[in-house]
Every structure is written in C-alpha cells, then in structure tokens.
Asks: 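One structure coming up, written as structure tokens, with questions to follow.
Just so you know, ligand 1 is whichever comes first in the structure, and atom 1 is the first atom listed for that ligand. These numbers were taken from a predicted model, which means no experiment stands behind them. In this chain, numbering begins with 1 at the start of the sequence shown. Hydrogens, waters and symmetry mates are skipped; everything else that's a heavy atom, side chains included, is used.
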Amino acid sequence: MNFTASPFYNRSLRNVVILATGGTIAGSGEAHKTLNYEPGALPIQDLLDSVPHLERVANCAGVQVSNLCSADITSEHWLTLAALINTLALREDVHGFVITHGTDTLDETSYFLNLVIKTDKPVIITGSMRPATAISADGPLNLYQSVALAANPEASGQGVMVVFAEGIYSGRDVQKVNTFKANAFDERDFGCLGYMRDSEAFFYTRSLKKHTTAAQFDISALEQLPQVSVAYFHVDADPGILDYLATLSKGIVIAGAGGGIYSKPWIDKVGELKNNDIPVVRCSRISSGITLKDSYIDLSANSIPCNSLVPQKARILLSLALTQTTGYEEIAAMFNEY
Ligand SMILES: NC(=O)C[C@H](N)C(=O)O
C-alpha cells in the first residue's frame, strides 16, 4: 500500500486506509430505486470515486477485504480484518482506518473490533441504507465524514467508532434502530458521542468502558472463535432449545424478558448447563436499561448478568472471554468492564 503513488497525494494531509467489506454502500440496483438491489456489488474504487473532493480530506488507499451482504460476514472475516488493522497500524505512514460495511451486522463487527484492535489510531466503520444507484444515496456523505474523522487526531484513543447520518457512535453501544431509514443508528440509552458537520467533528462525550489498547483480548494466534449461541425467551418458550444449543456451543446468551428473566423451567435448565461447564449470560430482549445480578435467578442457576449489552454483542464478549477462561467470576467481571 503506497499513499504517495496517488496523483492527488498531498503531504500535508493524513493517510487513511479504507477497508471495504461490502454492504449496501457498495450496492447496485435499478436506477433511483432504494429497494431490490444487490449489496456488495461495486468495487472499492467506485465507492471512493463517488465522493467529490475526498482527496482534500485525506490521502486514501483502499483494500477490498470482501464484498458481501453483512449477513454473510463471519467471525473468520472478523479475525482477518482485525489482523490486517493490527498489522497496518504499526506503519508510521498509516494514520487511520475506515471500514465500509453492511449495516445489518455493523453493530456486531464494531464491538468485536473495539475489543481486539491494538491501536489508538482512529478506526471508523460506516455504511449506507440506500444503494449507490439510489436517488439521494447516503453512502458518499457517510464515507466522506468517516474519512474526515479517521484523519482527525481528536478521534484517537476513543475505540472503534461508527459514523452514520452525521452522528458519531461508540462501537460498544451503537445499535441499528430502523430497518430502512437513512438515519438508522443510535446508541443504547446514551445518544451519540458527537456529530459530524461536513468534515468537522464535534465530540460531546466518550465511552468509559475498556477498549482497544486497554482490552485484554489477543486474537493473534486464533484461527476461530468459540461458538456462542443466543436463545430468545418468550411465553411458552421450550427450555429444550437450550439443550439443543448446548450441543453446538461453548457458551449461551439468553435474550430474556424485562430485566433479563425467564421461566422456572429455563432457570432449572440453565443450572444443568453449569454442570456441563457451559456458561450462560443473561441479557434482555429490551434494547435499553441494564441487567444486573439477581439473587433469585443467578445464585440458583449460576448465570451471568450482561450489564448493558444487547444479546448479539454479549455473545461476542462471551466468546472472547472463553478464549481465556471458563471461570464464572472472571467472566462476570468482564461483563462489568467491557
Ligand atoms: N444497509 C445495508 O447495508 C443492508 C445490507 N443488507 C447489509 O447489511 O449488507
């Protein structure tokens, strides 16, 4: 990767690596329509070419990591992406990163990277809700502002962040909150970290949870992540689903009702899983609030409360925790720290 090779190279600007993974931002379909398109169809150069005057914000060099709908992103992609960032971040001529990604699992990728990236350099994830061929495609502005933030020293040391529809969100707390509107992201309970106006960043808050260089996870020797599955509780939910998931998984996350609760038969079943050394983390199917230790459920069945993670993020933390320990106390401590 050579930034100086570009005819637009400007030595007074910072150098940003763009890692393209696919999604609607690289989607192509019928001209002007926002529906019925193919995500992950356009190459990275088309994305860069769609942003006017990007060369005035930063020197960009692109890597096509994959070109997929984000439903097809796997933990193998995550390990590849993280290893690439960790290697490139060691280069003095690399100042920041932007990852273009489908929005459907963008919240998961951003939390995973937030826990395993070993750099203070800015890492920004973005995408779009409308394909590149749609009327008022939102990808070019999202990409422009993401590159601007990745080139901004103020974004250093803040963990992985998401830029979307002029908002800046933490990789830990960002959530997709709408299935189709361009303003599709928000932060669990906490609003956003700040705003982008054109290429300027305005920060108002920051995440206090451990991330990146302060996080204890090391993926450098990992070829795969321990499988963790999510069980969704509802009225009349059959606890047999937990037995089934236990055959596939090293750990289970339950999306419980209310503050993360479930029925007596589920509590008994969770107690049995403890005897099989399969940790169970309790979350809520509600997207705001906290799930804390509950003497009625946790003491009888040895489950671990998730604190404030949604189930799909809790399963990432449990999986990374399982690369280091199966101890309940240690895992419970991680759910308070990360
Ligand atoms: N807006 C999007 O990017 C949705 C697309 N299905 C994806 O996640 O790849």
Asks: Do we see a donor-acceptor contact under 3.5 Å between the side chains of E55 and N10?
Replies: no
Asks: Going by distance alone, is a donor N or O of one side chain under 3.5 Å from an acceptor N or O of the other, for S308 and R172?
Replies: yes
Asks: G23 heavy atoms, cut-off 4.0 Å: which ligand 1 atoms fall inside?
Replies: 9 (O)
Asks: If you take the centroid of each ring, where Trp contributes its six-membered ring, are Y338 and F217 closer together than 6.0 Å?
Replies: yes
Asks: What part of S128, side chain from CB on, backbone N/CA/C/O, both or neither, has a heavy atom under 4.0 Å from ligand 1?
Replies: backbone
Asks: Got the closest protein heavy atom to atom 8 (O) of ligand 1, with its distance?
Replies: S70 OG, 2.5 Å
Asks: Would K274 pass as a cation-pi partner of Y328, given that its NZ or CZ must be under 6.0 Å from the six-membered ring centre and within 45 degrees of the axis?
Replies: yes
Asks: Heavy atom to atom 3 (O) of ligand 1, shortest distance: which of T103, I73, T100, T21 holds it?
Replies: T103
Asks: Assess whether atom CD of Q224 is packed by more than 12 heavy atoms of other residues, nucleotides or ligands within 6.0 Å.
Replies: no
Asks: Flag T105 as yes when one of its N or O atoms lies below 3.5 Å from any N or O atom of ligand 1, and as no otherwise.
Replies: no
Asks: Is the closest N or O pair between D104 and ligand 1 shorter than 3.5 Å?
Replies: yes
Asks: Got the closest protein heavy atom to atom 4 (C) of ligand 1, with its distance?
Replies: T24 OG1, 3.2 Å
Asks: Could you check whether the rings of F112 and W78 sit parallel, tilted or perpendicular, using 30° and 60° as the cut-offs?
Replies: parallel
Asks: Would C69 count as a contact of ligand 1 if the rule is a heavy atom under 4.0 Å away?
Replies: yes
